[in-house]
Amino acid sequence: MTRTGPTDWLTATGDELASIRTALLAHYDHSRRELPWRGETDPYRIWVSEIMLQQTRVETVIPYYRRWLERFPDLEALAQAEIDDVLLEWEGLGYYRRARNLQAGAMLVRDRYGGQVPDTVSELRALPGVGEYTAGAIASIAFNEPVPAVDGNVKRVLARILDELAPSGSALRSLAKRLVDPKRPGDWNQALMDLGATVCSPRRPLCERCPLSPWCRARAAGTQEERPAAKPRGGVPKSVRITAVVVDQREHALVERQP
DNA sequence: ATCCCGTACT
DNA sequence: AGTACGGGAT
């Protein structure tokens, strides 16, 4: 492969897409993090791991994930559990709504789908606590559906590939959709997330070790540290407080008031 | 798009 | 106390 610079992803050829997929998947195959849910394809287990990983770091989740599967080894076990037992098992993870949603979802799948987790993004999205990201992750990892899974890490990776300060949701989705490897969608999505967690970090990304650097516009421009843009501090004030003091001609205050 | 939520960090 | 974060919900 000979390359002259980062690709225009809107017009990328099939060969170019194949090249970037091959590069990242090869990297993933030899340097992926070994995690308890890696290589797993049981949709219930992927579901549990993805919900636990929302707003919670990997190291924290690992022991909870293991204990959870001992206590609730399959969807049926979770669906018939007492909510108090569910919450007890979740204790320490925080965001307890996730646990309530997970069990409500398990009951829903049991009652509406005969215990089989649905395999489409739209059906998955109907489960409580499952949004676009989580639905894509479950569909791709557990069911090999060629759909993207764009979490915070992936957003950063894509923003750097595009060298955009604040790529729109639609720009991110369309690029993510084009990139997904049709043969190994689950591995592809996990590879992108892994890359964001380990190489394409928010600060000081390790571009020298990045298998995607040949395709990365930010890397070519040297702007990787500033992509995506930091959030504007504070934002636009919604109101401005004005205080006036009325004085007479000798500058004695006639009216004073504490705001 | 924008808001909301619960938590961690400062 | 205030803010940043990363998801979901609307």
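Reminder, nothing fancy here: chain letters follow the sequence lines and each chain counts from 1.
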Starting at atom [atom1] of [X], determine the distance to atom [atom2] of [N], rounded to an integer number of angstrom.
X	N	atom1	atom2	value
Arg57(A)	dA4(C)	CZ	C1'	13 Å
Arg173(A)	dG7(C)	CZ	P	15 Å
Arg98(A)	dG7(C)	CZ	C1'	10 Å
Arg156(A)	dC5(C)	CZ	C1'	12 Å
Arg100(A)	dG6(B)	CZ	C1'	14 Å
Glu50(A)	dG8(C)	CD	C1'	14 Å
Lys155(A)	dG6(C)	NZ	C1'	8 Å
Met193(A)	dG6(C)	CE	P	14 Å

- Message: So, OP1 or OP2 of dG6(B): does either fall under 4.0 Å of a side-chain N or O from Arg97(A)?
- Response: yes

- Item | Same cluster (ILVMFWY, side-chain, under 4.5 Å), Tyr65(A) and Ile46(A) |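 Linked, Tyr65(A) and Ile46(A) end up in one cluster.
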
- Message: If hydrophobic clusters are built from ILVMFWY residues whose side chains come within less than 4.5 Å, do Val130(A) and Val117(A) share one?
- Response: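 Cluster IDs for Val130(A) and Val117(A) match.
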
- Message: Need one value for Tyr133(A): base, sugar-phosphate or nothing, where a base atom within 4.0 Å counts as base even if backbone is also close, heavy atoms only.
- Response: sugar-phosphate

- Which is true for Thr134(A) with a 4.0 Å heavy-atom rule: it touches a base, it touches only sugar-phosphate, or it touches nothing?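 Thr134(A): backbone/sugar contact only, no base atoms under 4.0 Å.
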
- Message: Heavy atoms from C-beta onward define the side chain here; which of dC9(B), dG7(C), dT7(B) lies closest to that of Gln55(A)?
- Response: dG7(C)

- Item | Nearest-nucleotide pick for Asp151(A), side chain only, options being dG7(C), dT7(B), dC5(B) | dG7(C)

- Item | Ion pair check, Arg125(A) and Glu123(A), cut-off under 4.0 Å |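 No salt bridge links Arg125(A) with Glu123(A).
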
- Message: So for Gln54(A) and dG6(C), does any side-chain atom that can act as donor or acceptor lie under 3.5 Å from a complementary atom in the base?
- Response: no

- Message: Less than 3.5 Å apart, any donor N or O on the side chain of Arg32(A) or Gln190(A) sitting next to an acceptor on the other?
- Response: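 Side-chain D/A pair, Arg32(A) to Gln190(A): absent.
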
- Does NZ or CZ of Arg98(A) fall inside the cone over Tyr95(A)'s six-membered ring, less than 6.0 Å from its centre and within 45° of the axis? no

